[in-house]
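Remarks on the structure that follows.
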Protein chains: 2
Amino acid sequence: MNTQEINNWQAVHEEVRRRIHARDWKPGDLIPNEADLAREFGCARATVNRALRTLADAGLLDRRRKAGTRVALHPVGKAVLDIPVIRQEIEGCGMAYSYVMLDRITEPAATSQQARLRIRAETPLLHVTALHLADGRPYVLEDRWIDIAVVPDATNAPFDTTSANEWLLAQAPYTHGDIAFSAVALPEMAALALKARPAAAAFRIERNTWDNDRAVTAVDLYFAPGYRMQTQL
Amino acid sequence: MNTQEINNWQAVHEEVRRRIHARDWKPGDLIPNEADLAREFGCARATVNRALRTLADAGLLDRRRKAGTRVALHPVGKAVLDIPVIRQEIEGCGMAYSYVMLDRITEPAATSQQARLRIRAETPLLHVTALHLADGRPYVLEDRWIDIAVVPDATNAPFDTTSANEWLLAQAPYTHGDIAFSAVALPEMAALALKARPAAAAFRIERNTWDNDRAVTAVDLYFAPGYRMQTQL
DNA sequence: TCGCGTATTATGTCTGCACATAACAATCTG
DNA sequence: CAGATTGTTATGTGCAGACATAATACGCGA
């Protein structure tokens with residue numbers, strides 16, 4: 001027999017997962033309560049709790065107090081994307097990373113940035129444009145705005161060898177942010193920098209980060225055509 | 001004073017987060033060990049453990065046995081994407097969902113599908129093409145291949161009113177999968193179905209799901225131009 | 001000085017118990 | 001009978017103590 005004791009939370013996790021998968025417990029079914037499972041598996045309720053909580057986090061179970069635990073109707077695929085620092089992403093693929101700053105000026109916020117960062121028109125922003133390369137080939141174009149009022153040190157940072165990306169991570173903490181992925185026709189200037197055909201389909205990431213209610217920075221990343229962002233389910 | 005007792009894991013979580021944010025503990029710093037923190041906060045080590053574990057899961061801390069816990073150098077943004085059923089995604093936006101099946105044939109696997117699903121050439125696949133609409137406008141084109149050998153019931157499913165998407169979720173369990181996001185120029189047939197300009201930049205999701213080592217299904221989703229996939233950090 | 005085994009230490013997890021909290025069920029009251 | 005009150009139940013979380021595990025630090029011998 002392979003029925004060794006199920007006395008750690010990973011084993012409980014796996015066994016419950018197996019039962020769901022084997023359709024012993026079908027979507028929508030109420031499963032036994034923690035105390036019963038603990039007794040069945042011969043472990044403490046806390047152990048069962050941890051396993052079920054983890055499964056609920058993963059979207060396989062729905063749990064409600066008193067109502068009990070049931071198998072999720074729609075096992076919502078939750079994909080966890082790591083958003084790595086670009087340098088690490090490139091080096092992680094075994095390619096040589098290099099970086100070129102293309103432009104760096106201080107300018108009043110454009111209308112689109114005002115809305116995005118929820119700032120007033122006269123706010124001066126530091127606008128940095130840079131290119132990240134993998135094995136010498138353009139990989140992604142970084143178009144970034146930084147609120148100088150929130151990150152005053154940025155005025156003195158040259159960004160000529162270290163990307164704003166990494167500098168900000170190390171220097172400017174943030175409390176939350178939002179991120180959006182989309183496909184766009186490459187603007188002409190971006191195409192030029194990336195050595196791609198203008199209007200080619202490019203993967204874009206827009207990201208804004210906030211320190212409490214103050215916008216720290218907004219970035220647009222235009223990836224060279226062919227880029228794929230991949231993960232496991 | 002607002003120094004009320006920190007005796008639950010959320011409070012510890014918040015306090016640690018605050019200290020990281022306030023740069024009391026800077027990126028790379030070793031923070032006090034669990035036992036010390038528990039003493040400081042006046043709670044049990046298990047409580048501190050849960051808070052720190054959660055923060056580590058979120059990517060803010062790096063933990064290694066014996067080496068201790070340190071503030072992550074690169075607070076890797078881990079974006080958790082919900083991959084909802086398309087119908088729910090549309091209805092969640094307050095739009096009316098509708099669905100049209102465009103095509104449904106059984107055919108031998110094309111070379112590209114063979115590689116993707118790791119199957120032999122002669123394997124027959126059920127190929128279903130369908131359109132999901134929001135408020136009557138094309139939203140996403142679903143191009144799906146199903147291995148009949150793995151999901152025999154699929155042969156009898158008409159897929160004319162319920163999308164293969166939902167049918168599979170309810171009928172065919174899977175153990176794992178992979179998903180990739182990219183931008184592509186819309187193929188002519190897809191553009192036609194989506195009523196978009198051919199070669200327009202479209203957001204594409206490729207997803208493969210597996211039941212242990214057998215491929216269940218592969219799907220390509222072509223979203224209508226303008227689609228944005230969004231989440232919080 | 002170099003290598004290797006051992007001691008130390010921080011995290012990882014289990015147990016058994018307790019109480020908190022949410023939600024549904026049953027019952028009481030006007 | 002309607003609406004409020006109370007009871008019951010399942011999950012959520014806390015605590016103290018124990019042992020497991022991994023990785024570093026130290027000391028010993030060649």
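Labels below follow one simple rule: chain letters A, B, ... track the order of the sequence lines, proteins then strands, and each chain is numbered from 1.
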Practice item. Drop me the distance from A/Leu102's CG to A/Leu141's CG, to the nearest 0.5 angstrom. Key: 6.5 Å

**Study point:** Between C1' of D/dT11 and CZ of A/Arg70, the distance in whole Å
**Key:** 14 Å

Review point. Applying side chain to side chain donor-acceptor pair (under 3.5 Å), which residue pairs with at least one partner in residues 202-215 of chain B are found, sequence neighbours left out?
Key: A/His21-B/Asp211, A/Arg228-B/Glu206, B/Arg116-B/Asn208, B/Asp178-B/Asn208, B/Asp178-B/Trp210, B/Ser182-B/Arg204, B/Arg204-B/Glu206

Point to revise | Pairwise side-chain contact, B/Tyr139 with B/Leu133, heavy-atom cut-off 4.5 Å (strictly under) | key: no

Point to revise | Gap between atoms CZ and C1', on A/Arg53 and D/dA10 respectively (whole Å) | key: 15 Å

**Study point:** Of all pairs that satisfy salt bridge (Lys or Arg N to Asp or Glu O under 4.0 Å), the ones with a partner from residues 145-168 of chain A, not counting sequence neighbours
**Key:** A/Arg87-A/Glu166

Exercise for review: Indicate the ring-plane relationship of B/Phe203 and A/Phe203, choosing parallel, tilted or perpendicular according to the 30° and 60° boundaries.
Suggested key: parallel

Exercise for review: Can you check each nucleotide of nucleotides 17-22 of chain D against protein heavy atoms at under 4.0 Å and return B for base, S for sugar-phosphate only, - for none, in 5' to 3' order?
Suggested key: -B--BS

**Study point:** Nearest non-hydrogen partners of B/Ala218 and B/Leu117, listed with the distance
**Key:** CB-CD2, 3.6 Å

Check your understanding: What side chain to side chain donor-acceptor pair (under 3.5 Å) pairs are there with at least one residue in residues 55-65 of chain B, not counting sequence neighbours?
Key -> B/Glu34-B/Arg63, B/Arg63-B/Thr69

Point to revise | Contacts of type side-chain hydrogen bond (donor to acceptor under 3.5 Å, both in side chains), residue B/Tyr97, not counting sequence neighbours | key: B/His132

Check your understanding: Among residues 32-40 of chain B, which contact DNA chain C at a heavy-atom distance under 4.0 Å?
Key -> B/Asn33, B/Glu34

Exercise for review: Answer yes or no: does a side-chain N or O of A/Thr69 lie under 4.0 Å from OP1 or OP2 of D/dT11?
Suggested key: yes

Check your understanding: B/Val140 versus B/Ile205: any side-chain heavy-atom pair under 4.5 Å?
Key -> no

Check your understanding: Does a nitrogen or oxygen in the side chain of A/Arg63 sit under 4.0 Å from OP1 or OP2 of D/dG12?
Key -> yes

**Study point:** Passing candidate, side-chain contact (heavy atoms from CB on, under 4.5 Å) with A/Asp143, options A/Thr129, A/Val219, A/Leu221, A/Val128
**Key:** A/Thr129

Review point. Could you give the start and end, 5' to 3', of the contact zone on DNA chain C for chain A, using atoms under 4.0 Å from its heavy atoms?
Key: C/dT13 to C/dC24

Practice item. Describe, in one word, how the ring planes of B/Phe223 and B/Tyr227 are oriented to each other, choosing from parallel (under 30°), tilted (30 to 60°) and perpendicular (over 60°). Key: parallel

Practice item. Would you please name every residue forming a side-chain hydrogen bond (donor to acceptor under 3.5 Å, both in side chains) with A/Arg144, sequence neighbours left out? Key: A/Glu142, A/Thr217

Check your understanding: Taking only residues two or more places apart in sequence, or in another chain, which ones meet A/Arg17 in a side-chain hydrogen bond (donor to acceptor under 3.5 Å, both in side chains)?
Key -> none

Review point. Could you state the CG-C1' distance from A/Asp62 to D/dA10, rounded to the nearest angstrom?
Key: 15 Å

Point to revise | Rounded (10°) bend between the five-pair end axes of the helix from C/dT1-D/dA30 to C/dG30-D/dC1 | key: 10°

Review point. Between A/Thr47 and A/Asn7, is any pair of side-chain heavy atoms under 4.5 Å apart?
Key: no

Review point. Does B/Gln10 put a side-chain nitrogen or oxygen below 4.0 Å from OP1 or OP2 of D/dT13?
Key: yes

Revision key, fill the gap. With sequence neighbours left out, the residues meeting ring pair (Phe, Tyr, Trp, His ring centres under 6.0 Å) with A/Trp167 are A/Phe159

Check your understanding: Salt bridge check: are A/Arg18 and A/Glu14 linked by an N-O gap of less than 4.0 Å?
Key -> no

Review point. Near DNA chain D, under 4.0 Å by heavy atom, which residues of residues 24-31 of chain A?
Key: none

